[in-house]
Amino acid sequence: MLEEVAKDAWEYGRKFLLQGKVADYIPELGKANPVHFGLCIKTEDGRHIEFGDSECRFTIQSICKIVSLAAALQYIGEEKVFKNVMMEPSGDAFNSILKLDTASNRPFNPMINAGAIEVVSLLAGRFSFEKMLEFIRTLCNDNEIVLDESVYRSEKATGDRNRAIGYLLKSKGVLKGDVLQTLDLYFKLCSLSVNARSLSELGLLLANGGISTTTGKRLLDKKVVRTLKTLMLTCGMYDRSGEFAVRVGIPSKSGVGGGILSCVGGRMGIGIYGPALDEKGNSIGGGYTLEYLSEHLNLHILDSADAKEA
Ligand SMILES: NC(=O)CC[C@H](N)C(=O)O
């Protein structure tokens, strides 16, 4: 049953690929093949379902915001993190600088660039890139995650808007560390190569409240996981997060490399790769596939809450 629905969902999502567009504002990302499309689902009871280009490597991009926030919440603590960044959906594009200068000194949330850059600044003095690499490899149960050097160079060469955000945060006294060191770590984290399988593993870890289903070890505190999932639900799909929450209702985080990481509490982790993006920067096929899965497997977070109450 799950296998069949997953296959249908993958096929359904695939139909929309030609309506999307590969990101090219980071020139190296423009080389992706828009018809690549992979889905990987890992369930709590050990099932593993994959279709299409689920082993294809791509850069994690904005999905690294989950990893940097996880590290900051786990090792620096919620109080300090949310003193520096808010928890509100911004309703603006992920790389917008607008509200940062007009509405608030603190970035609106850790899922947009300004918020993630602030979170990474908290990590930059304490955690080397190598430490963060080890952390993400553990969370994703994937030792083959490496830095994609060409995307990193491309991103660094064209990252003026992100540097502008960093300097604006510094000028307001919100970012305390070194801007270029912070940005370097941010660009490297965005340029880590994952696949749909690694994302499904991280999704499963979150679905399982922070305990690895492979080793039985707790990797993240329960409360950290709850905070991550709440922010994924409210802010994880850029300025489409509200619509996505209504239509799909699965905590998810997307990246302009084409990845989507999703988790269904107590049930499954889902990883998607589809570099053809909608106009907000989310994998277009991925969004439709998740909508299909949600509808046919009753995965909307609020439906499941209702079902328990009934
Ligand atoms: N939305 C994204 O995936 C953005 C990440 C990208 N590295 C950037 O900072 O612009």
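We're numbering straight along the sequence, starting at 1. Whatever order the structure lists ligands and atoms in, that order sets their numbers, starting from 1. These numbers were taken from a predicted model, which means no experiment stands behind them.
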For Asn162, the atoms of ligand 1 under 4.0 Å from one of its heavy atoms are 8 (C), 9 (O), 10 (O)
Give the residue, atom name and distance (to 0.1 Å) of the protein heavy atom nearest atom 4 (C) of ligand 1.
Ser62 OG, 3.2 Å
Acceptor/donor pairs from residues 182-193 side chains to any protein atom, 3.5 angstrom cut, sequence neighbours excluded:
| unit_1 | atom_1 | unit_2 | atom_2 | d |
| --- | --- | --- | --- | --- |
| Thr182 | OG1 | Asp178 | O | 2.8 |
| Asp184 | OD1 | Tyr152 | OH | 2.4 |
| Asp184 | OD1 | Lys156 | NZ | 2.7 |
| Asp184 | OD2 | Lys188 | NZ | 3.3 |
| Tyr186 | OH | Asn113 | OD1 | 3.3 |
| Ser191 | OG | Tyr152 | N | 3.4 |
| Ser191 | OG | Phe187 | O | 2.8 |
| Ser193 | OG | Val146 | O | 3.3 |

Scan side-chain atoms only and decide if Ser128 and Lys131 contain a donor-acceptor pair under the 3.5 Å cut-off.
no
What atoms of ligand 1 come closer than 4.0 angstrom to any heavy atom of Glu155?
6 (C), 7 (N), 8 (C), 9 (O)
Interfacing atoms of ligand 1 (cut-off 4.0 Å, heavy-atom, Cys190)
7 (N)
Answer yes or no: does atom NZ of Lys7 have more than 12 heavy-atom neighbours from other residues, nucleotides or ligands under 6.0 Å?
no
Minimum-distance protein heavy atom relative to atom 5 (C) of ligand 1:
Gln61 OE1, 3.4 Å
Flag the pair Phe135 / Phe127 as yes when their ring centroid distance falls below 6.0 Å, and as no otherwise.
no
Under-4.0 Å heavy-atom contact with ligand 1, by part of Phe187 that carries it:
neither
Row check, Phe108 ring normal vs Lys99 NZ/CZ: under 6.0 Å, within 45°:
yes
Using the side chain to side chain contact (heavy atoms under 4.5 Å, CB included) rule, pick out the option among Leu122, Val119, Leu73 that qualifies with Ser68.
Val119
Please write down residue, atom name and distance for the protein heavy atom closest to atom 10 (O) of ligand 1.
Tyr25 OH, 2.6 Å
Interatomic distance, His300 atom NE2 to Leu293 atom CG [nearest 0.5 angstrom]:
14.0 Å
Just which atoms of ligand 1 are under 4.0 Å from any heavy atom in Tyr186?
5 (C), 8 (C), 9 (O)
At less than 4.0 angstrom from any non-hydrogen atom of Tyr238, what atoms of ligand 1 do you find?
1 (N), 2 (C), 3 (O)
The answer for which part of Val256 has a heavy atom under 4.0 Å from ligand 1 is both
Gly255 neighbourhood, listing ligand 1 atoms whose heavy-atom distance to it stays under 4.0 Å
3 (O)
Separation between CE (Met111) and NZ (Lys253), nearest 0.5 Å, reads 7.0 Å
